[in-house]
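Below is one structure; the comments refer to it alone.
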Amino acid sequence: MKVAASLLPAFLILAVLLFSGCQENPPVSKSDFYLDTVCTVTIYETNTSLSAEEKNRLIDRAFTILGETEEDMSSHLEGSDVARINEASGKKTVSISPRTMEVIRNGLHYSELSGGAFDITIGPLVSAWDIGGENPRIPSQKELQELLPLIDYRKVVIKGDQDSAGGSVFLPQKEMAIDLGGIAKGYAADRTAEMLIESGVSRAIIDYGGNILTIGNRPGDNPWRIGIQDPASERGEYLGILQITEEAVVTSGIYERYFEKDGKRYHHILNPKTGRPARNGLQSVTVVSKKAIEADALSTALFVMGPEKGVEHAAGLQGVEAAFVTTSGKVILTPGLKERFEIKSEDYN
Ligand code: AMP
Ligand code: MG
């Protein structure tokens with residue numbers, strides 16, 4: 001009793017400070033639709049005092065980055081770098097922006113690193129299935145057999161050295177097509193963080209369709225607590241909470257984009273070897289790393305690899321942690337996540 005009583009005033013002061021702090025500087029948050037998903041930026045704190053209006057303007061600059069990324073890299077936007085590369089496949093080399101070049105280079109790197117589980121030339125399969133598009137369908141086995149030889153990142157010809165402005169890309173086979181849907185959101189998140197940090201933002205959360213990148217720590221200097229979606233439940237229901245500091249957390253899962261036919265679910269993460277949605281006992285893979293582009297590419301790659309190969313591959317990667325959620329309700333964590341992941345749902349262990 002005595003202890004509690006003596007603590008009371010301090011607690012009250014703290015509560016008031018927190019409360020008045022919240023009143024003066026509430027976080028500024030805005031969402032918009034880019035890259036086929038909802039993108040949200042929330043600014044909690046800045047190094048110099050900025051008005052809410054100035055913070056809003058910074059978020060608008062984030063949306064400009066997203067708009068540029070879409071204009072460069074969306075495969076279904078006429079005139080984008082990716083659309084032009086795909087249209088010219090088997091015919092000619094196409095000049096592209098330094099931004100698209102950077103993402104393609106990264107995409108090829110993770111294609112190589114994952115032994116082709118991630119493959120940026122997945123385009124023909126993405127179009128054939130059109131999952132999340134207007135006419136999703138199940139392609140015939142014959143159609144898939146014809147498309148599979150087109151999927152091979154090793155055939156992509158790129159010109160222009162690492163530091164040069166832009167460069168050019170050639171897809172040597174007609175009907176080959178690049179798709180950057182598995183990596184572009186992460187790239188946009190990294191660019192946004194750079195811009196916000198340069199502008200003096202010290203605490204923020206960037207959330208581009210579940211690709212989360214944080215700046216600084218949570219106000220109060222505690223780690224951020226990020227809810228990991230329960231892949232089997234409604235959106236917003238978490239299977240667990242992950243603690244992170246200044247890192248990216250990206251999840252690839254069967255619940256993000258899919259269609260159902262005859263009681264069977266067909267989701268958007270395709271296995272380049274079979275041409276079909278990866279069905280390997282996983283419901284989702286969450287990757288934690290410093291860069292969102294890396295976490296984005298790897299979450300897709302590890303999902304395709306499946307629980308055994310994926311866990312083994314993740315363990316060999318420096319600075320990368322991962323959580324694998326299986327269809328039987330098991331959550332497999334890499335060692336670095338064991339202390340930081342708290343399971344909240346009784347359906348998982
Ligand atoms: P994510 O939501 O980041 O896991 O990415 C899924 C998106 O990446 C899909 O909607 C496709 O556009 C693309 N994609 C699907 N399968 C693959 C794959 N095996 N390798 C690379 N990109 C893929
Ligand atoms: Mg991804």
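Numbers for residues simply follow the sequence, beginning at 1. Counting starts at 1 for both ligands and their atoms, following the listed order.
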Within a distance under 4.0 Å of any heavy atom of Ser252, pick out the atoms of ligand 1 and give their elements. 1 (P), 3 (O), 4 (O)

Suppose we only allow N, O or S atoms; which atom of Asp296 ends up nearest to the Mg ion (ligand 2)? OD1

Distance from Thr121 atom OG1 to Tyr153 atom OH, nearest 0.5 Å? 9.5 Å

Tell me which protein heavy atom sits closest to atom 5 (O) of ligand 1, plus the residue, atom name and distance to 0.1 Å. Gly182 CA, 3.3 Å

Under 3.5 Å: N/O of Ile120 near N/O of ligand 1: no

Considering only the protein, which heavy-atom contact is closest to atom 20 (N) of ligand 1, and what is its distance? Asp119 N, 3.0 Å

Under 2.8 Å from the Mg ion (ligand 2), is there any N, O or S atom belonging to Lys185? no

So is Ala117 polar-close to ligand 1, meaning N/O to N/O under 3.5 Å? yes

For the pair Ser233 (side chain) and Glu237 (backbone), establish whether a donor and an acceptor sit closer than 3.5 Å, ignoring hydrogens and angles. no

One finds that the ligand 1 atoms under 4.0 Å from a non-hydrogen atom of Pro272 are 19 (N)

Taking Thr214 for its side chain and Glu247 for its backbone only, find out whether a donor-acceptor pair lies under 3.5 Å. yes

Quick check: does any side chain N or O of Ser97 sit under 3.5 Å from a backbone N or O of Thr100, one acting as donor and the other as acceptor? yes

Check whether any N, O or S atom of Thr300, backbone or side chain, sits closer than 2.8 Å to the Mg ion (ligand 2). yes

Atom NZ of Lys309 with >12 non-hydrogen neighbours under 6.0 angstrom: no

Assess the side chains of Tyr34 and Thr69: does a donor N or O sit below 3.5 Å from an acceptor N or O? no

Taking NZ, NE, NH1 and NH2 as the nitrogens, is one of them in Arg99 or Glu68 under 4.0 Å from a carboxylate oxygen of the other? yes

What protein heavy atom lies closest to atom 2 (O) of ligand 1? Include the residue and the distance to one decimal. His268 CE1, 3.1 Å

Can you label the angle between the Phe259 ring and the Tyr266 ring as parallel, tilted or perpendicular, going by 30° and 60°? parallel

Note: Glu342-Lys344 ion pair, threshold 4.0 Å (strictly below): yes

Taking N or O atoms only and a 3.5 Å limit, does Ser299 qualify as a polar contact for ligand 1? no

Atoms of ligand 1 under 4.0 Å from any heavy atom of Asp179, numbered from 1 in the order shown, are 11 (C), 12 (O), 13 (C)

Nearest candidate to atom 18 (C) of ligand 1, where distance is taken over non-hydrogen atoms, out of Asp296, Leu270, Val287, Leu180: Leu270

Can you check side-chain contact (heavy atoms from CB on, under 4.5 Å) on Ile65 and Met195, steps first, answer last? CA-CA 9 Å; Ile65 289 174; Met195 180 277 289; 4.0 Å; yes

Where does Ile122 meet ligand 1, judged by heavy-atom distances below 4.0 Å: at the side chain, the backbone, both, or neither? side chain

Within-cut-off N or O pair, Thr300 and ligand 1, under 3.5 Å: yes

